[in-house]
Chemist: 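This structure is in structure tokens; I'll ask about it shortly.
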There are 2 protein chains.
Amino acid sequence: MSSGPRQGPYICGIDAAMDVITGKWKSLILWELDHGTRRFSALRRGLPGVSEKMLVQHLREMEVDGLVHREVFREVPPRVEYSLTEAGAALNAALAPLGAWGTDRIKRIGAPMVAPHTTP
Amino acid sequence: MSSGPRQGPYICGIDAAMDVITGKWKSLILWELDHGTRRFSALRRGLPGVSEKMLVQHLREMEVDGLVHREVFREVPPRVEYSLTEAGAALNAALAPLGAWGTDRIKRIGAPMVAPHTTP
DNA sequence: CGGTATCCCACTGGATACTG
DNA sequence: CAGTATCCAGTGGGATACCG
């Protein structure tokens with residue numbers, strides 16, 4: 001069951017890009033990491049509703065696909081830091097117009113936003 | 001079940017945009033229609049591998065979401081033409097940078113492309 | 001803290017056959 | 001021509017429990 005990076009065959013560039021960001025949380029992970037390096041638990045807090053399993057799974061796929069860099073510090077307690085690669089940062093930048101269109105659509109149809117942080 | 005347009009709640013603009021283009025063929029449909037008005041059968045030919053069911057289903061969802069316009073001509077034989085709405089055209093434009101990134105990625109990793117048109 | 005390992009269900013999408 | 005109607009397999013993703 002899967003392993004290496006996704007590698008087509010593709011119909012076009014959109015196809016290849018979508019292949020790599022399809023997944024409920026991937027674009028949000030990209031966005032979170034664009035603010036800077038984040039630890040696993042920080043990402044969890046920034047992505048309200050994500051399960052550990054999905055977060056790990058998406059991060060692994062994005063690592064394999066060359067979008068995120070994963071650095072393990074063998075300390076006690078363990079620490080792992082995630083950051084964007086160049087390709088990941090470029091992808092995030094390429095997503096900006098799409099995000100702008102989406103924001104516009106939200107306004108047009110008056111769609112609700114989820115509460116950013118349901119605090120604690 | 002289902003029916004009305006997708007309407008969140010959303011986490012951000014990307015979330016809203018992805019909600020509307022998720023589906024194996026939607027971005028390709030957008031691309032096809034950006035070239036101009038297309039009939040159902042022309043779209044099928046332009047999307048090698050799509051099934052009738054999926055094409056209809058995606059077109060209906062995109063119509064409901066306000067991305068494509070569907071015009072029925074009650075003739076014999078029946079004719080139906082699809083075209084982009086303003087929102088659909090704007091979305092397609094917003095996808096351009098993503099497509100460029102994807103094309104770049106295809107080159108970087110040397111991913112194969114599917115044969116554009118297996119003719120007949 | 002930062003994960004693995006299972007189980008399970010809903011949904012996506014493909015194949016095929018039929019229709020106005 | 002432009003769809004509907006079914007059936008069915010694969011996968012995405014949530015819940016829960018356990019581990020170094």
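Quick note on labels: first sequence line is chain A, next is B, and so on, each numbered from 1. None of these values were measured; they are calculated from a predicted model.
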Chemist: Would you kindly give the CG-to-C1' distance between A/L47 and D/dG13, to the nearest whole Å?
Modeler: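 To the nearest whole Å, that distance equals 14 Å.
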Chemist: Do any side-chain atoms of residues 62-73 of chain A form donor-acceptor pairs under 3.5 angstrom with protein atoms, and if so which ones, sequence neighbours left out?
Modeler:
from: A/D65; atom 1: OD1; to: A/R6; atom 2: N; distance (Å): 3.1
from: A/D65; atom 1: OD2; to: A/R6; atom 2: NE; distance (Å): 3.3
from: A/R70; atom 1: NE; to: A/Y82; atom 2: OH; distance (Å): 3.3

Chemist: For nucleotides 1-8 of chain D, just jot down a letter per nucleotide in 5' to 3' order: B, S or -, based on protein non-hydrogen atoms under 4.0 Å.
Modeler: BSBB-BB-
Chemist: Just the rounded figure in Å: distance from C1' of C/dG2 to CE of A/M54.
Modeler: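 One finds 17 Å between C1' of C/dG2 and CE of A/M54, rounded.
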Chemist: Write down the distance between CD (A/Q57) and P (C/dG3), rounded to a whole number of angstrom.
Modeler: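 That distance rounds to 14 Å.
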Chemist: Please name all residues satisfying side chain to side chain contact (heavy atoms under 4.5 Å, CB included) with A/A90, sequence neighbours left out, ordered by chain then number.
Modeler: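 Listed in chain order: B/W101.
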Chemist: Per the side chain to side chain donor-acceptor pair (under 3.5 Å) rule, what does the pair list look like for residues 13-25 of chain B, sequence neighbours excluded?
Modeler: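 Those involving residues 13-25 of chain B are B/Y10-B/D19.
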Chemist: Check side chain to side chain contact (heavy atoms under 4.5 Å, CB included) between A/Q57 and all other residues, then give those that pass, not counting sequence neighbours.
Modeler: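 So A/Q57 forms a side chain to side chain contact (heavy atoms under 4.5 Å, CB included) with A/K53, A/M54, A/E61.
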Chemist: Could you list by number each residue of residues 5-22 of chain A showing a heavy-atom separation from DNA chain C of less than 4.0 Å, or answer none if no residue does?
Modeler: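 Result for residues 5-22 of chain A: none.
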Chemist: Applying salt bridge (charged side-chain N to carboxylate O under 4.0 Å, His left out) as the test, list every pair that has at least one member in residues 84-101 of chain A; sequence neighbours left out.
Modeler: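 Not a single pair qualifies under salt bridge (charged side-chain N to carboxylate O under 4.0 Å, His left out).
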Chemist: Under the side chain to side chain contact (heavy atoms under 4.5 Å, CB included) rule, collect the residues that match up with B/V56, sequence neighbours excluded.
Modeler: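 For B/V56, the residues satisfying side chain to side chain contact (heavy atoms under 4.5 Å, CB included) (neighbours in sequence not counted) are B/F40, B/R60.
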Chemist: Report the distance from atom OG of B/S83 to atom NE2 of B/H35, rounding to the nearest 0.5 Å.
Modeler: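 Those atoms lie 14.5 Å apart.
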Chemist: Got a sec, which residues hit side chain to side chain contact (heavy atoms under 4.5 Å, CB included) with A/D104, two or more places apart in sequence or on another chain?
Modeler: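 Checked A/D104 against side chain to side chain contact (heavy atoms under 4.5 Å, CB included); matches are A/R108.
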Chemist: So does B/H58 get a side-chain nitrogen or oxygen closer than 4.0 Å to the phosphate oxygens (OP1/OP2) of C/dT12?
Modeler: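 For C/dT12, OP1/OP2 do not have a side-chain N/O of B/H58 under 4.0 Å.
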